Amino acid sequence: MQSTDWGELVRARKALGVKRSSIRLGAYTLLTNVQDQELLDFLDGAAVAAEEAYFARYGRLPSGDPGRTAVLFADEADYRQYSESARMTSGSHVGHARTGLLAFYAEGRSRESLARTLVHEIGHLLNDRALAWRLPTWLEEGIATDLGSVWVESSRLVTEPGREARRTLELQEVETHLLRLRDILAVDQLPPITTLMQLSYEGFHRPELESYAYAHSVALVRYLLDGQGGRHAERFLEWLKDIAGGYGADPDELFKLLDAEPEALDRDFRAWLKREAEAARERLNERATRWARRR
């Protein structure tokens, strides 16, 4: 397992102008120049819930001392400068997790959006502690994105005036993923799941693929956990247990556990995807109608 890299910690402190911190964010130490205590308390609650949700969802209990650090920048520009100088992420991302440290920024973002990013990045740290330091990129990003979406779906709705509409838009994340994949399916450009599973980190994050590789990955994880009445879930969780036991994340072993040929599983996944996308479209239309009536 990776504890926070000391060099990255020093760079993060320098970028923030913060020398040390006694603030906690769930199980993690928080370095931040954000002064909004209400926001920090809200994020702390999301961080606590993330670890519980991870075990409930994926059946793996993170082990060992968390030994990780979260860095929250008040300003986007400071986050960009830090992350790009450390070669952590591209300019379009809103957060990242690497070398035992997660970082994100607050400027111009709602607290629910921040919490979703936080839970997603915590998902990467939990994968490290519960499964393996290095996972196939589709599984790494699929689990992290799924965990962030699960938190959004299960958290309480916000009722403060002027915030409910934005909250509803954020709940559409999963629907957006599904509709993006539906459009790609419609022009027969969605690669088979075996291609997704074999993508390297660099291949996954190529600009022409990244826009839908995240959506493809989280949809596949959700299909394996929830699709067809959850009939694949037990064996998918058994595969995750094997990964945690040091057996590696070989897709062929997953197909054996599922007792399914890759081509047959891909056809079933695509049929599920089309049904889920249609249901997502109907949900979005219903929400749009409700909001139109309230205006």
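Scope of the values below: all heavy atoms of this structure, side chains included, with no hydrogens, waters or symmetry mates. As the structure is a computational prediction, the values presented were derived from the model and not from experiment.
- Within a 6.0 Å sphere centred on CD of Gln37, heavy atoms belonging to other residues, nucleotides or ligands number more than 12.
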Legend entry - Thr32/Leu25 under side-chain contact (heavy atoms from CB on, under 4.5 Å): CA gap, chis, key distance, verdict: CA-CA 11 Å; Thr32 187; Leu25 196 66; over 6 Å; no

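- Side-chain contact between His216 and Pro191 is present, with at least one heavy-atom pair separated by less than 4.5 Å.
- If you chain together hydrophobic residues whose side chains sit under 4.5 Å apart, Leu265 and Leu240 fall into the same group.
- At least one side-chain heavy atom of Ile122 sits under 4.5 Å from a side-chain heavy atom of Tyr28.
- Taking each heavy atom of Thr194 and Pro262 in turn, the nearest pair found is CG2-CB, 3.6 Å.
- Taking every heavy atom of both residues into account, Leu101 and Ala12 meet most closely at CD1-CB, 4.3 Å.
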Inset, instruction - Determine, stepwise, if the pair Arg109 / Thr117 fulfils side chain to side chain donor-acceptor pair (under 3.5 Å). - result: CA-CA 10 Å; Arg109 304 178 64 199; Thr117 296; 2.5 Å; yes

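- Side-chain heavy atoms closer than 4.5 Å link hydrophobic residues (I, L, V, M, F, W, Y) into clusters, and following such links, possibly through other members, connects Val10 to Phe73.
- Under the 4.5 Å side-chain criterion, counting only non-hydrogen atoms from C-beta, Lys241 is in contact with Arg60.
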Inset, instruction - Take Asp268 and Tyr223 through the side chain to side chain donor-acceptor pair (under 3.5 Å) test and state the conclusion after the steps. - result: CA-CA 10 Å; Asp268 193 56; Tyr223 163 75; 2.4 Å; yes

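- Counting heavy atoms of neighbouring residues, nucleotides and ligands inside a 6.0 Å radius, atom CD of Glu208 exceeds 12 of them.
- Minimum interatomic distance between Asp252 and Asp250 (heavy atoms only, all atoms of both residues): N-OD1, 2.9 Å.
- At distances below 3.5 Å, at least one donor-acceptor pair connects side-chain atoms of Arg235 with backbone N or O atoms of Leu257.
- Rounded to the nearest 0.5 angstrom, Phe255 CZ and Asp266 CG are separated by 8.5 Å.
- The CG atom of Leu139 lies 5.0 Å from the CH2 atom of Trp239; values are rounded to the nearest 0.5 Å.
- With Glu107 contributing its side chain and Glu76 its backbone, the two residues share a donor-acceptor pair below 3.5 Å.
- Salt-bridge check for Glu278 with Arg275: failed, with every basic side-chain N at 4.0 Å or more from each acidic carboxylate O.
- The shortest distance between side-chain heavy atoms of Pro136 and Met197 does not fall below 4.5 Å.
- Of all heavy-atom pairs between Arg80 and Tyr105, the closest is NH2-OH, 3.5 Å.
- Distance alone, capped at 3.5 Å, places no donor-acceptor pair between the Asp75 side chain and the Ala77 backbone.
- Hydrophobic clustering (side-chain heavy atoms under 4.5 Å, transitive across Ile, Leu, Val, Met, Phe, Trp, Tyr) keeps Leu181 apart from Val218.
- The main-chain N or O of Leu225 is never found under 3.5 Å from a side-chain atom of Arg222 such that the two would form a donor-acceptor pair.
- Linking Ile, Leu, Val, Met, Phe, Trp and Tyr whenever their side-chain heavy atoms come within less than 4.5 Å puts Leu196 and Leu185 in one cluster.
- With contacts defined as side-chain heavy-atom distances shorter than 4.5 Å, the pair His124/Leu102 does not qualify.
- Atom-to-atom distance recorded for Leu131:CG and Glu140:CD is 8.5 Å, nearest 0.5 angstrom.
- Residues Ala97 and Leu125 share a closest heavy-atom pair of CB-CD2, 4.2 Å.
- Scanning all heavy atoms of the two residues, the minimum distance from Leu178 to Ala280 falls at CD1-CB, 4.0 Å.
- Taken from CD in Glu210 to NE2 in His93, the straight-line distance is 3.5 Å, to the nearest 0.5 Å.
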Inset, instruction - Mind running side-chain contact (heavy atoms from CB on, under 4.5 Å) on Ile143 and Tyr54 for me, showing each step along the way? - result: CA-CA 9 Å; Ile143 287 177; Tyr54 189 97; 4.0 Å; yes

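- In terms of modelled atom types and a separation under 3.5 Å, the side chain of Tyr82 and the main chain of Leu16 share no donor-acceptor contact.
- Of the N and O atoms on the side chains of His177 and Glu276, not one donor lies less than 3.5 Å from an acceptor on the other residue.
- For the pair Asp36 and Arg111, the salt-bridge criterion is not met [side-chain N within less than 4.0 Å of a carboxylate O].
- Here the side chains of Leu30 and Asp44 are not in contact, with every heavy-atom distance at 4.5 Å or above.
- When side chains are defined from C-beta on, Asp146 counts as touching Tyr58, because their heavy atoms get closer than 4.5 Å.
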Inset, instruction - Would you check, one step at a time, whether the test side-chain contact (heavy atoms from CB on, under 4.5 Å) holds for Trp138 with Val221? - result: CA-CA 9 Å; Trp138 77 270; Val221 167; 4.1 Å; yes

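- Remark: the backbone N or O of Ala74 is paired with a side-chain donor or acceptor of Asn33 at under 3.5 angstrom.
- Atom-to-atom distance recorded for His120:NE2 and Thr145:OG1 is 4.5 Å, nearest 0.5 angstrom.
- Classified by interplanar angle (parallel below 30°, tilted 30° to 60°, perpendicular above 60°), the ring pair His205/Tyr201 is tilted.
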Inset, instruction - Walk me through it: do Val150 and Arg57 pass the test side-chain contact (heavy atoms from CB on, under 4.5 Å)? - result: CA-CA 9 Å; Val150 166; Arg57 183 76 167 152; 3.8 Å; yes

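- Within 6.0 Å of CZ in Arg24 there are more than 12 heavy atoms belonging to other residues, nucleotides or ligands.
- In terms of the ring pair (Phe, Tyr, Trp, His ring centres under 6.0 Å) criterion, residue partners of Phe204 (sequence neighbours excluded) are, by chain and number, Tyr214.
- Here Leu224 contributes atom CG and Ile193 contributes atom CD1; the two are 7.5 Å apart, rounded to the nearest 0.5 Å.
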Inset, instruction - Run the numbers on His96 and Tyr79 for side chain to side chain donor-acceptor pair (under 3.5 Å), then give the verdict. - result: CA-CA 10 Å; His96 68 263; Tyr79 166 77; 2.9 Å; yes

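- Here the side chains of Leu118 and Phe42 are not in contact, with every heavy-atom distance at 4.5 Å or above.
- Arg270 places a side-chain N or O within 3.5 Å of a backbone atom of Leu190 that can act as its donor or acceptor partner.
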